[in-house]
Amino acid sequence: MSLRLSRRLLLAQLFLLTACRARSTGNQFGRLVIGIVSYDEGSALIDQYATFNNYLGEQTGALIELEPTFNENKALERIRSQAWSLVFAPPGLAALAISQNQYVPMFPLQGIKNLRSVLVVPRESPLQDLKELAGKIVVLGQPGSATGYYWPLYNLYGLTLAEVMFAPTPKAALEAVARGEAVAGALSAEELDTYGSQVAQTRFRVLYSDPHQVPPGAVLVGPTIERNLQEQLRKVMSEVPSTLAQEAGYIPTAPPPDYDYMISVVKRVTSVSDRLRQKPARLF
């Protein structure tokens, strides 16, 4: 079975298992589509969100659909088309959705408090400094990734690279470096810990670690939901039982993260985004 076909079947399965029957009366929400980025969790998302989706459907009278995408680039397409009512968004995606697509943050996601972006090379690489990447090939994550795309481009600003490659997942970025297709790759320090040992016969070291703390991700509500309904939805999600909030991965009692600085980074990176496909790629 092809990967594309298996993903379509997964999406169909997710729809059938997470859709909740709408109430016959008093249903103002109609249909709520929840978007989420999932690199490799697959069908485990069904179990993770099933109880939460049922609860949300019961409290709002809405038909709830869970729609995962397999990287940030696909998620951006859905956000730009306003196809998602709610988004469980990682930080880079959240900053872009807020600043450019009128999504509103409601709650922070659970996760790592000190998330950092790193550029890594094979352990035996002679490179010792960020500036030595000039004239070399570097692999980044997808647009929308804070640690794999926005922060590394911010740090590489001013350099001219031979080429910029784009990997669909953090593990794929490491694999490109291991194969010698790129001299360095961008991802988070935590993703390096998770996937570094899974890349056969290659050990990595950090060439550069960004000093900035990346804000956590957020639950966002889309512009297609009317403002009064947004407030109703916020109330329902803030009163969710703690066990369900834990399963869904957000903090219902905390204010949303401050994305002002992250948004300024996104804007600066966007100014050079049209040059990334050029060879060489001039990042200024």
Side-chain angles (χ1 to χ4, degrees), residues 13-15 17-23 27-69 72 75 78-79 83-95 97-98 103-115 144 146-147 188 190-191 194 213-259 262:
Q13 185 183 22
L14 285 166
F15 170 78
L17 293 180
T18 63
C20 306
R21 186 178 301 276
R23 294 175 179 174
N27 178 14
Q28 294 177 290
F29 287 94
R31 175 172 169 260
L32 292 175
V33 182
I34 300 175
I36 188 168
V37 177
S38 167
Y39 294 129
D40 53 16
E41 289 89 346
S43 59
L45 284 173
I46 298 172
D47 296 331
Q48 181 179 344
Y49 282 88
T51 307
F52 171 77
N53 289 349
N54 287 333
Y55 176 88
L56 194 60
E58 290 171 359
Q59 295 300 312
T60 63
L63 178 72
I64 309 297
E65 298 177 27
L66 179 66
E67 184 180 311
T69 61
E72 291 88 354
R78 303 301 286 162
I79 287 172
W84 285 347
S85 316
L86 285 171
V87 189
F88 285 72
L93 197 65
I98 293 166
Y103 277 74
V104 177
M106 295 199 299
F107 308 100
L109 294 183
Q110 298 170 2
I112 301 162
K113 293 183 178 180
N114 296 310
L115 189 65
T147 55
S188 74
E190 291 70 27
E191 289 164 345
T194 301
Q213 181 176 322
V214 181
V219 180
L220 312 177
V221 61
T224 58
I225 305 298
E226 295 178 0
R227 185 58 59 90
N228 64 323
L229 294 181
Q230 287 185 14
E231 292 306 314
Q232 291 181 38
L233 190 58
R234 186 192 306 272
K235 185 175 186 298
V236 168
M237 293 185 67
S238 68
E239 296 173 350
V240 68
S242 59
T243 54
L244 296 189
Q246 180 76 22
E247 290 174 3
Y250 74 99
I251 306 172
T253 57
D258 182 352
Y259 284 108
M262 186 77 234

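Heads up: numbering here begins at 1 and tracks the sequence.
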Exercise. So which heavy atom on P215 is nearest to which on P91, and how close?
Worked result: O-CB, 3.1 Å

Problem set entry | By side-chain contact (heavy atoms from CB on, under 4.5 Å) - contacts of E231 (at least two apart) | R234

Seminar exercise, completed: With sequence neighbours left out, the residues meeting side chain to side chain donor-acceptor pair (under 3.5 Å) with S188 are E191

Problem set entry | Side chain to side chain, V240 and Y55, heavy atoms closer than 4.5 Å | yes

Problem set entry | Side-chain touch E65/L63, heavy atoms, less than 4.5 angstrom | yes

For this session: Only counting residues at least two apart or in another chain, list the ones meeting side-chain contact (heavy atoms from CB on, under 4.5 Å) with A95.
Result: Y259, M262, I263, V266

Exercise. CZ of R31 to OG1 of T224: how many Å apart, nearest 0.5 Å?
Worked result: 10.0 Å

For this session: Enter the distance from Q213:CD to L115:CG here, rounded to the nearest 0.5 Å.
Result: 8.5 Å

For this session: Starting from the C-alpha separation in whole Å, work towards a yes-or-no answer on side-chain contact (heavy atoms from CB on, under 4.5 Å) for I36 and V87.
Result: CA-CA 6 Å; I36 188 168; V87 189; over 6 Å; no

Problem set entry | Those residues that, when tested against S85, pass side-chain contact (heavy atoms from CB on, under 4.5 Å) (two or more places apart) | L32, V33, I225

Exercise. Taking all atoms of both residues into account, what is the closest heavy-atom pair of L109 and I251, and its distance?
Worked result: O-CD1, 4.3 Å

For this session: Evaluate side-chain contact (heavy atoms from CB on, under 4.5 Å) for W84 paired with V221, printing each intermediate quantity in order.
Result: CA-CA 8 Å; W84 285 347; V221 61; over 6 Å; no

Exercise. Taking only residues two or more places apart in sequence, or in another chain, which ones meet Q246 in a side chain to side chain donor-acceptor pair (under 3.5 Å)?
Worked result: Q110

Exercise. Under the salt bridge (Lys or Arg N to Asp or Glu O under 4.0 Å) rule, what pairs show up with a residue in residues 239-249, not counting sequence neighbours?
Worked result: K235-E239

Problem set entry | Note, I34 side chain near E67 side chain (heavy atom, < 4.5 Å) | no

Exercise. Do any pairs count as a ring pair (Phe, Tyr, Trp, His ring centres under 6.0 Å) and have a residue in residues 213-232, sequence neighbours left out, and if so which ones?
Worked result: none

Problem set entry | Atom of P257, atom of G217 and distance for their closest heavy-atom approach | CG-O, 3.7 Å

Seminar exercise, completed: Across all chains, not counting sequence neighbours, the side-chain contact (heavy atoms from CB on, under 4.5 Å) partners of A97 are I79, Y103, L220

For this session: Would you please test M237 and L56 for side-chain contact (heavy atoms from CB on, under 4.5 Å) and show each step?
Result: CA-CA 8 Å; M237 293 185 67; L56 194 60; 4.1 Å; yes

Exercise. Residues two or more places apart in sequence or in another chain: which of them pass ring pair (Phe, Tyr, Trp, His ring centres under 6.0 Å) with Y250?
Worked result: F52, F107

Problem set entry | Check: V37 and P90 side chains under 4.5 Å, non-hydrogen atoms | yes

For this session: Return each pair, listed once, that meets ring pair (Phe, Tyr, Trp, His ring centres under 6.0 Å) where at least one residue sits in residues 218-243; pairs must be two or more places apart or across chains.
Result: none

Seminar exercise, completed: Closest non-hydrogen contact found for F88 with A248 is CE2-O, 3.5 Å

Exercise. Is any side-chain heavy atom of L86 less than 4.5 Å from a side-chain heavy atom of V219?
Worked result: yes

Exercise. Roughly how far, to the nearest 0.5 Å, is CG of L233 from CD of E226?
Worked result: 13.0 Å

